[in-house]
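Letters A, B, ... mirror the listed sequences (proteins, then strands); counts begin at 1. Here the structure is a predicted model, which is why all the values come from computation and not from measurement.
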Amino acid sequence: MIVIENGIVRKACLRDYLDAVKMLLQLIPAGKVVSYGELARLLGVPPVFVGKLLAMNDEAPIVPCHRVVRSNGELGGYSGPGGIRFKRKLLEVEGVRIDAEGRVSRDSFVHFTELLDP
DNA sequence: CATCGAACCAACC
DNA sequence: GGTTGGTTCGATG
C-alpha cells in the first residue's frame, strides 16, 4: 500500500519508492543537479534512504541518478558502472561546472518546485 | 572548518 | 530489536 500526503510519499515498499525516485529523476534536465535532501523531502524518507534507493537503480545512467549530489556541492557516491569518476565525467559532459575541489557550483542546482510549477 | 548525534524508512540479520 | 545505507541538519568547540 502506498499513501500520498501533501505530495509526499507515505509508507510504501522499496519497489514503490524506487519507482517514485526514478520518475523524479527523469524530471531533472541535463546540466542540472538536485540534492539528496530535496528528494528525501518529497519522498518523506531520511536522506540516507535516498542513497540506498539510488544505489538500487539498475538502469544507471539511463535513469540519471548521477544528477543527485550532496547539498554542500560535493558529488556524493555512485555505484553504477564506472563509479564516482564516471559520475563526475557525466556531469561535466552535461555542462555542470565542477571546481578543482570537486564541488558543483551553486547555480547548477535546481529545485523540484521549479520543475513542477512553471 | 571538524565533529557529533539524531532523523522522516524498509529490508535484512 | 539492532544494523545498514551514495545523507542532512543544527548545535557545538
Side-chain angles (χ1 to χ4, degrees):
Chain A
M1 171 157 211
I2 176 173
V3 176
I4 307 287
E5 189 177 290
N6 290 330
I8 296 178
V9 179
R10 294 295 177 200
K11 43 181 175 176
C13 63
L14 268 186
R15 175 65 203 215
D16 295 328
Y17 278 119
L18 190 51
D19 286 342
V21 172
K22 286 184 175 179
M23 282 182 41
L24 293 171
L25 290 178
Q26 310 276 13
L27 298 175
I28 311 170
K32 292 290 178 184
V33 298
V34 300
S35 70
Y36 291 91
E38 178 107 25
L39 286 173
R41 282 198 304 275
L42 287 161
L43 294 174
V45 302
V48 279
F49 194 61
V50 174
K52 186 160 209 157
L53 292 172
L54 295 181
M56 208 171 286
N57 170 29
D58 48 344
E59 310 185 70
I62 307 302
V63 175
C65 61
H66 57 277
R67 292 183 197 147
V68 185
V69 301
R70 290 198 191 180
S71 58
N72 66 2
E74 289 173 358
L75 290 186
Y78 187 70
S79 18
I84 188 63
R85 265 200 60 179
F86 186 55
K87 174 174 184 175
R88 179 167 177 164
K89 189 105 185 177
L90 278 173
L91 292 174
E92 286 174 339
V93 168
E94 293 177 351
V96 176
R97 280 181 40 72
I98 302 177
D99 68 21
E101 318 207 310
R103 306 285 200 82
V104 173
S105 65
R106 276 200 189 6
D107 42 275
S108 289
F109 278 84
V110 69
H111 297 278
F112 278 106
T113 55
E114 304 167 18
L115 295 176
L116 301 171
D117 287 344

Check: What is the nucleic acid contact for A:V50, judged by heavy atoms within less than 4.0 Å: base, sugar-phosphate only, or nothing?
Finding: nothing
Next item on the list: Measure the distance from CZ on A:R85 to P on C:dG6 and round it to the nearest whole Å.
Entry: 21 Å
Margin query: Can you identify which nucleotide, out of B:dA10, C:dG6, C:dG5, has its nearest atom closest to the A:L54 side chain?
Written below: C:dG6
Margin query: Side chain of A:V45 only, heavy atoms from C-beta on: which candidate in B:dC9, B:dA10, C:dG6 is closest?
Written below: B:dC9
Check: Would you call A:K22 and A:D58 a salt bridge, taking side-chain N to carboxylate O under 4.0 Å as the test?
Finding: yes
Next item on the list: Flag the pair A:R70 / A:S35 as yes when at least one side-chain heavy-atom distance between them is below 4.5 Å, and no otherwise.
Entry: no
Note to self: Below the 4.0 Å mark, does C:dC9 have OP1 or OP2 next to a side-chain nitrogen or oxygen of A:S71?
What the structure shows: yes
Note to self: Under 4.0 Å, counting only non-hydrogen atoms across every strand here, what does A:K11 touch: a base, just sugar-phosphate, or nothing?
What the structure shows: sugar-phosphate
Notebook entry, point to check: Once you round it to whole Å, what is the distance between P of B:dC8 and CD of A:E38?
Noted result: 18 Å
Note to self: How many whole angstroms separate atom CD1 of A:I8 from atom P of B:dC9?
What the structure shows: 12 Å
Next item on the list: Give a yes or no on whether A:E101 atom CD has more than 12 heavy-atom contacts from other residues, nucleotides or ligands under 6.0 Å away.
Entry: no
Note to self: Less than 4.5 Å apart, side chain to side chain, heavy atoms only: is that true for A:R88 and A:L91?
What the structure shows: no
Check: Does A:R97 CZ have over 12 foreign heavy atoms under 6.0 Å away?
Finding: no
Notebook entry, point to check: Whole Å only: how far is the CG atom of A:L53 from the C1' atom of B:dC8?
Noted result: 13 Å
Checklist line | 4.5 Å side-chain heavy-atom contact, A:L53 and A:N57 | finding: no
Note to self: Between B:dA2 and C:dG6, how many Å separate the two P atoms, rounded to a whole number?
What the structure shows: 23 Å
Check: Want to settle it: does A:R10 or A:C13 sit nearer the 5' end of DNA chain B, counting the closest nucleotide to each?
Finding: A:R10
Margin query: Reading 5' to 3' and counting Watson-Crick or G-U wobble pairs with both distances under 3.5 Å, write the dot-bracket notation for DNA chain B, | for bases paired outside the strand.
Written below: |||||||.|||||
Item checked: Euclidean distance, atom CG of residue A:N72 to atom P of B:dT3 [Å, nearest integer] -> 14 Å
Notebook entry, point to check: Between atom CD in A:E5 and atom P in B:dC9, what is the gap in whole Å?
Noted result: 11 Å
Item checked: Nearest-neighbour nucleotide for the A:P47 side chain, C:dT7, C:dG6, B:dC9 considered -> C:dT7
Next item on the list: Could you check whether the rings of A:H66 and A:Y78 sit parallel, tilted or perpendicular, using 30° and 60° as the cut-offs?
Entry: perpendicular
Item checked: Flag side-chain contact, heavy atom, 4.5 Å: A:Y17 against A:I2 -> no
Notebook entry, point to check: Roughly, in whole Å, what's the span from CD in A:E74 to P in C:dC9?
Noted result: 13 Å
Notebook entry, point to check: When the P atoms of C:dA11 and B:dC8 are considered, how many whole Å apart are they?
Noted result: 16 Å
Notebook entry, point to check: Reckon A:L14 touches a base, only the sugar-phosphate, or nothing at all at heavy-atom distances under 4.0 Å?
Noted result: sugar-phosphate
Note to self: Go nucleotide by nucleotide along DNA chain C from the 5' end; which of A:V69 and A:K52 gets its closest nucleotide reached first?
What the structure shows: A:K52
Check: What is the distance from CZ of A:R41 to P of C:dC9, rounded to the nearest Å?
Finding: 7 Å
